[in-house]
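Single-structure report; data block below.
Every chain is numbered from 1 and lettered A, B, ... according to where its sequence line falls, protein lines coming before strand lines.
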Amino acid sequence: MLQEIPEKYETKKVEEQINQFWNETDAYHKTREGRKNGKKFFFVDGPPYTTGHIHMGTAWNKVIKDSILRYRSMNGDAVTDTPGWDMHGLPIEVKVEEKLGFQSKKDIETFGVGNFIQECKSFAIEKKGDMTNQFKALGIWMDWDNPYMTLKDEYIEAAWWVIQKAHEKSLLEEGKRVVNWCPRCETAIADSEVEYMDRDDDSIYVKFPVKGEQDFYVVIWTTTPWTIPSNVAAAVHPDAEYVIVKATREDGKVERLLIGKESVPLIMKRGKYPSHEILETKKGSDLQGLEYTAPLAAEVPAQAEMAHAVYPADYVSLDNTGIVHIAPGHGLDDFNVGSKFGLPIFCPVGSNGSYTKEAGKYAGMNIREANDIIIEDLKSKDLLLSQGKINHRYGHCWRCKTAIIYLATEQWFLDVGKIKDEMLNAIDNEIEWTPDWAGSARFRDWVADARDWCISRQRYWGIPVPIWTCPDCKKRAVFGTKQELITKAQLTGDIELHRPYVDEVTLECECGGKMVRTKDVFDVWFDSAVASFATLGFPGRTDLFEEKWPADFITEGHDQTRGWFYSQLGASIAAFGKTPYKSVLMHGFTMDKDGKKMSKSLGNVVTPDEVIEKYGADVLRAYSLSSSAPWDDLKFVWDDVATVNRTVNILWNVYKFPLPYMVLDNFNPLEHPAESLIGSMREEDKWILSRLQSTVAEVTEAMDEKTLHKALRGLFNFILEDLSRWYIQLIRPRTWTEANDPDKLAVYATLYETYVTIAKLSAPFMPYLSETMYQNLVKNIDENAPLSVHMNDWPAPKEIFVNAELEEHMEIVRNVVEASSNARQKAGRKLRWPISRIVVVPTDEAVAAALTHLRDVLLEQTNAKDVEVLAVGEAWKDLDVQMTPNQSVLGPTFKQDAKKVSDALIEAGAKSLKEVFDRVEEMELSLADGTTVTITADMVIFEELIPEGIAGSDSDCGMVYVDAKLTKELESEGYTREVIRRIQDMRKELNLAVDDQITAAVLIKDQHVSDLIKDMTSLIATEVRAGELILNPDAASGDLIKEWDIEGIQMTIGISGKKA
RNA sequence: GGGCCCGUAGCUUAGCCUGGUGGAGCGUUCGGCUGAUAACCGAAAGGUCCUGCGUUCGAAUCGCAGCGGGCCCA
C-alpha cells in the first residue's frame, strides 16, 4: 500500500531512516553483489590524505565519484569502489612533531624512530576513521570496510616493485642534484611540495672586481646574499648587449661597471652615480671568459682557490643588471650552467641550513642570519653597489611553511626524461580526457616540461626505499617484494616494512661486506602513484591485476595535474610501459562566494558539515553537482544552496500532493500501469510522459558525457517547469473528483510512472530522497521489486510515450497562456474571473495547429470560455486602427500642400488606409481641391487601437488578446468563485479534513451581487462540501465568521464544520 | 615571467565549438493563485556580454593585445 508522507521534507529524518534501512538490509553489499557479473568498471579512488577532516573540495570530489559509480552500477556494471587513504609523509610527521613538541630531527632520534612511527601510524589510522564517517554522512557508497591504505605492507610492496622494475630498466638514478630543501624538516622536497608565498628578502647589487683591473666590476643582483660565499661564476645572455659604463660616484671616485645595456638608468640610480658615460658596448657572448676575483675570497678560503669568470646562459633575463650570479650548489639553473662549463659544485651549506666548515668565517652560522653579516662584509670592501628589500613570491615548505633553500645533494631520481615520450604518447592516444584540454593542453604541457623526479626523502614516516648498498664494493640490491628481502637476508620471522625495523636488515655482499639499506624513504607522492595496482593487491596477488588493470576511470581536481595524474602515469610507464588509467575527469576547486580560495586565514571556509546540518546531504550533493561544470571552479554561495533546497522541496511537495487521494482511492499501480491507460489519458498526461522520456534521454546523455551539471539541470528543469508549474496545475481538479473514473486513474498512473522514474533518475545524485520515494512508491506495492532504488536498472526512454509533436504543441500553448496572463494583468482581470474569449493571431501554422489540438488545455488554463485562432497573418477585425500622418515625410515631399494631404488622409480614415497599405506600397489620394497625389506607406503611421475591455500581449507565437468584457454570466461565475475561495480558505483555517462536511451561511448586502450568486448556491455547496448553504440569512452564524471585501463588495461568511 | 581554465543583469549562470533580435534562476518591486498553502505562479525593472584593436555586411561568439580571478609552473 502507498503511504502518505510527512507534510514537510525533513532531511535529517529521511537520512536517518534511510541510513538505518541501508544498514539493516545491507543494501550496499547487496547492490554490488547484484552486479558482480556485469561489465567491469574499474574505478580507482585518488586517496585523500588522512588529515582528519574533509573540506568542501574533498566532499565534492567524492560526490562526483559516488554519483558516477551509482550511475554505472545502475547501468549494470560491476564497479570497483575501493576507497583509498594516503597515510604516510611529512604532513603527519609534522603534526606528530607538533603534538610531541619537537623542534628538529634530533628530537625524533632521541624519542626513538620506532616510537615516532608508531605515533604517526596511530594518527593516520585514527584520522582515517574520522574521515570515513564524514564521507558516509555524504551518502557515499564505497567499500569502506576494505579500503587500500598506503601504510600496509602489501601496499608498500607495490612501490618497491616499481622501483625494482625501474632499476632493471635503468630508470633509477642516484646523483648529486639541486633539490628544493626544507632546512627545518631537513629533507629534500618535491617541486609539488613547494608552496609559493609572499616574503620580504634582501635585494642587493654586488660588484665583482674584474681580475687584474682597477675599479672595474661585473655587477650582479641577488635576493640571497647567503649564496655569495658559494659563487663560482656570473652569467650573461649571449645575445644581449652589455656596456661598460664609466660612472662617477658622489664622492668623486670613478668606476667602470659591466652591466646590461638596458640596465644603465636603473643601476645609475641604485648606485647613486650623479654622472656616467658609456665606454663600450659588447655582445654577451663576447664576454665569456672575463675573469673576476671572488668577492669573499678572504672570508671563505675555498673561494680563493677557485677560478671565477663570466659565462653565457640562455635563461638570463635582462632585469636588474642583466647579469646573474651563479652558485651551482644553490640553484637549478646555476647547477646546469656549472655542469655545462665544468665548474665546481660548491655547496658549503648543511642539511639544517647552517654553513659547514668549508664556509670559513661563516661556518656554523644559519644562512639567513648570515645575510646581514655578508652584506656588511661586502660593504666594508666597497663591493656593495646598493642594498634594499624586496617583497616577492618565494617557495616554502608546504607543511611547515619554512622558506626553502636549494641544495646540491645526493638523491634518488626516477629518470623521467627516458620515459617522457611514452608518457606523452599515452596522454595523446590512450587516455580519454574530460574536458579534452585537460589532457591535450594542460597535462601534456606539464609532462613535456617535467624534470627528473626526486623520489627520496630524508625522513621517517614513509615507504622505505628498498635499496641496499655495500659500503665496500658499492654493489647494490633492489627488492621488489617483502618475501624477496626475507629470503635474501635469510630472516627467520616476519618483518614490518617501515623504519626503523627494515633499517636493521643487512645482507651479506659477495665481496664479504655488509650491505645496508639506503636510509631514505620515498616522496609521499610516490605512494599514491602506485595506487592503481596496489589497490588490487599487486604484486602480492596478480589475479585481480590481470582481470582489471588499468583503471577505466579516475576523477580528481586540476591540482592533480602535477600530482596524481602525473605520478601514476610515471610509475606505471616505468613499471609496465602502460597507462594506469583510460579515462580521466578533471574537476575544479571549491571557492568561496567571491571566487577566492577557501582558507582559514581568510575566514571564508564553509565545511560540508555545516551544509549537511542545514540542508542535508542530498541538497549538498545536488548543489555541488548542478551549479557548475565539473571542470570549472565551484563558487560556494549559500543563497544558491537554498535555491537547490527549494527545488528539492518542490519535488517533495509534488510527490506528496497526490498521495492522500491515491491512498483514499486504494490506487494499485500494479493493476494500472501507465501503458495500459493510454486510451484514457488526456493530452496533458501523454505530454508529461513524453517530456519524461525526453528527460531520461537528456540525463543519460549528460551522464555519458560526464557533464553532471547538465544531468542535474535537466532533471530539475523537468521537475520544476513541466511537472510542478504545469502538469500539476492542469490535473488538480481531476484528482478531486470522487468518482472512480478512468480519467482519474489515468492521472494516477501518469503521476506514478513519472515519480518512479524520477526516483531512479535522481538516485545517483540524491541517494536518500530517491530511496525514500522508491520505498514508498515501489516497495510498498511490490515485494518482489529490487530491495533498493540503487539496485534498479537505469531507466531508458519508453518509445510508447514519446511524442515530439505533442511536446512542441504544449510548449506553444504554454507560451500563449503566459501571454494571456500578461494581457489579463493589463486588463486588470484576475484569473479567477472567466473571460469570454481569447483571440490569437498565430505566427505560423504550427501555432494554429497546437491551439486547436490543445484547445481544452488552453481554455482551462486561461479560464476563457472560447478561443479564436485567426489565420496566420490575418488582422483581427475587432481591432481599431489609428492613423497618424507622418509629418516628417509629408512636409519635405509636399511642402505647402502638406496640410491638405494630411487632412485628406484623416478624411480617408485609418481603417481603409490600413487595408490598402496591407496590400500595396503606394496609392493615389484625391485632395479636397481635386488634385491627386501619390501616398507611400512611409507617410502614414498606423497604431492598433485595442477596444475597451480588451488587452493584448505579444509572444513568440503571435499576438494574444483577452476579451475581458463582463457579461452577467461571467460576473456571476466570477463572484461565485470568489465566494468558493473564501469558504475554502475558512475551511483551511478551521483545519478541516478534505472530506469533512460543513454548513455555511453567506450574507451579501449588495443586491446586484446577491442576485448574481442566487442561482449558484448549489454549485458553491458542492464545491465546498457544504451540506447546507444559506444565502442571506438574518445573520451569519457558525464556528468561524469572517468579513470579506471582494472588489469593494462586503460579504459576511460563517461556516461550521463537522467530521465526516 | 610561462601554460591551461574562467570573466555575460546586484548574485549564480545558459548561449560561444558551427557569427545574424542575449535566455534563465536567485534577489528586488508589483501582481496572481488558494485543499501542494510556512507552498506555488506571473509580470516588471535590471546588460559598455571584462577592456581595446582587428576580421566580417554583421561579433557575447572568431583573431590579437591587455586587465581581473583560479590552478599549475618558473
Out of [options], whichever nucleotide has its closest atom nearest the side chain of [X]:
{"X": "A:Trp446", "options": "B:G3, B:C40, B:C72", "result": "B:C72"}
{"X": "A:Asp633", "options": "B:G70, B:C4, B:U12", "result": "B:G70"}
{"X": "A:Phe657", "options": "B:C6, B:A36, B:C71", "result": "B:A36"}
{"X": "A:Arg713", "options": "B:C71, B:U13, B:C40", "result": "B:U13"}

Please state how far atom [atom1] in [X] lies from atom [atom2] in [N], giving the value in whole angstrom units.
{"X": "A:Met591", "N": "B:C5", "atom1": "CE", "atom2": "P", "answer": "16 Å"}
{"X": "A:Gln729", "N": "B:U37", "atom1": "CD", "atom2": "C1'", "answer": "12 Å"}
{"X": "A:Leu634", "N": "B:U13", "atom1": "CG", "atom2": "C1'", "answer": "12 Å"}
{"X": "A:Met586", "N": "B:G70", "atom1": "CE", "atom2": "C1'", "answer": "11 Å"}
{"X": "A:Lys656", "N": "B:A38", "atom1": "NZ", "atom2": "C1'", "answer": "11 Å"}
{"X": "A:Leu651", "N": "B:C40", "atom1": "CG", "atom2": "P", "answer": "13 Å"}
{"X": "A:Trp433", "N": "B:C5", "atom1": "CH2", "atom2": "P", "answer": "15 Å"}
{"X": "A:Asp449", "N": "B:G1", "atom1": "CG", "atom2": "C1'", "answer": "14 Å"}

Legend entry - The single option from A:His587, A:His709, A:His55 passing ring pair (Phe, Tyr, Trp, His ring centres under 6.0 Å) against A:Trp60: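 That would be A:His587.
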So does [X] get a side-chain nitrogen or oxygen closer than 4.0 Å to the phosphate oxygens (OP1/OP2) of [N]?
{"X": "A:Arg732", "N": "B:A36", "answer": "yes"}
{"X": "A:Tyr661", "N": "B:A36", "answer": "yes"}
{"X": "A:Lys710", "N": "B:U13", "answer": "no"}

Inset, instruction - Please check if the distance between the ring centroids of A:Tyr661 and A:Phe667 is under 6.0 Å. - result: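 Between A:Phe667 and A:Tyr661, which both carry aromatic rings, the centre distance is not below 6.0 Å.
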Inset, instruction - Taking the six-membered ring for Trp and the full ring for Phe, Tyr or His, determine whether the centres of A:Trp433 and A:Phe443 are under 6.0 Å apart. - result: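 That pair passes the under 6.0 Å test.
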Inset, instruction - Report yes if some heavy atom in the side chain of A:Phe718 is under 4.5 Å from a heavy atom in the side chain of A:Glu698; otherwise report no. - result: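 They are not in contact (no side-chain heavy atoms under 4.5 Å apart), so the answer is no.
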Nucleotide opposite [N] in a Watson-Crick or G-U pair, distances under 3.5 Å:
{"N": "B:G1", "answer": "B:C73"}
{"N": "B:C40", "answer": "B:G32"}
{"N": "B:G19", "answer": "none"}
{"N": "B:G46", "answer": "none"}
{"N": "B:A65", "answer": "B:U51"}

Inset, instruction - Starting from the 5' end of RNA chain B, give me the residue, A:Lys635 or A:His558, whose nearest nucleotide shows up first. - result: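 It is A:Lys635 whose nearest nucleotide is closer to the 5' end.
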Inset, instruction - Assign each of A:Gln984 and A:Glu818 to its nearest nucleotide of RNA chain B by heavy atoms, then name whichever residue's nucleotide is nearer the 5' end. - result: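 Its nucleotide being nearer the 5' end, the pick is A:Gln984.
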Between [M] and [N], how far apart are the [atom1] atoms? Round to whole Å, please.
{"N": "B:U51", "M": "B:A59", "atom1": "P", "result": "14 Å"}
{"N": "B:A45", "M": "B:A9", "atom1": "C1'", "result": "11 Å"}
{"N": "B:G68", "M": "B:C16", "atom1": "P", "result": "29 Å"}
{"N": "B:A39", "M": "B:C49", "atom1": "P", "result": "37 Å"}
{"N": "B:G15", "M": "B:G20", "atom1": "C1'", "result": "14 Å"}
{"N": "B:U56", "M": "B:G70", "atom1": "P", "result": "38 Å"}
{"N": "B:U21", "M": "B:C62", "atom1": "P", "result": "16 Å"}
{"N": "B:A43", "M": "B:C5", "atom1": "P", "result": "38 Å"}

Inset, instruction - Remember a base hit wins even if backbone is also touched, and classify A:Thr647 as base, sugar-phosphate or nothing at under 4.0 Å, heavy atoms. - result: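 It contacts nothing in the nucleic acid.
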Inset, instruction - Indicate, with a heavy-atom threshold strictly under 4.0 Å, whether A:Val654 touches base, sugar-phosphate, or nothing. - result: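 Base contact - A:Val654 has a heavy atom under 4.0 Å of at least one base atom.
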Inset, instruction - Kindly check if the number of other-residue, nucleotide or ligand heavy atoms within 6.0 Å of CD (A:Glu432) is above 12? - result: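 For A:Glu432, atom CD is not crowded (no more than 12 foreign heavy atoms under 6.0 Å).
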Inset, instruction - Kindly check if the number of other-residue, nucleotide or ligand heavy atoms within 6.0 Å of CD (A:Gln984) is above 12? - result: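 Yes - once you tally the heavy atoms of other residues, nucleotides and ligands closer than 6.0 Å, there are more than 12.
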Could you list all N or O pairs between the protein and nucleotides 25-32 of chain B that sit under 3.5 Å apart?
{"from": "B:C26", "atom 1": "OP1", "to": "A:Arg646", "atom 2": "NH2", "distance (Å)": "3.0"}

Inset, instruction - Applying side-chain hydrogen bond (donor to acceptor under 3.5 Å, both in side chains), run through A:Asn776 and A:Tyr655 and close with a yes or a no. - result: CA-CA 11 Å; A:Asn776 187 24; A:Tyr655 158 55; 3.0 Å; yes
Inset, instruction - Please name all residues satisfying side-chain hydrogen bond (donor to acceptor under 3.5 Å, both in side chains) with A:Arg829, sequence neighbours left out, ordered by chain then number. - result: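 For A:Arg829, no residue satisfies side-chain hydrogen bond (donor to acceptor under 3.5 Å, both in side chains) once neighbours in sequence are set aside.
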Legend entry - Side-chain donor or acceptor of A:Tyr752 paired with backbone N/O of A:Leu777 under 3.5 Å: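 Yes; judged by distance alone, with no hydrogens or angles, the pair exists.
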Inset, instruction - Would you check, one step at a time, whether the test salt bridge (charged side-chain N to carboxylate O under 4.0 Å, His left out) holds for A:Arg982 with A:Glu978? - result: CA-CA 6 Å; A:Arg982 269 29 176 226; A:Glu978 293 285 6; 2.5 Å; yes
Checking only heavy atoms, does the side chain of [X] share a donor-acceptor pair with the base of [N] at less than 3.5 Å?
{"X": "A:Arg981", "N": "B:U37", "result": "no"}
{"X": "A:Ser821", "N": "B:A43", "result": "no"}
{"X": "A:Arg442", "N": "B:C5", "result": "no"}

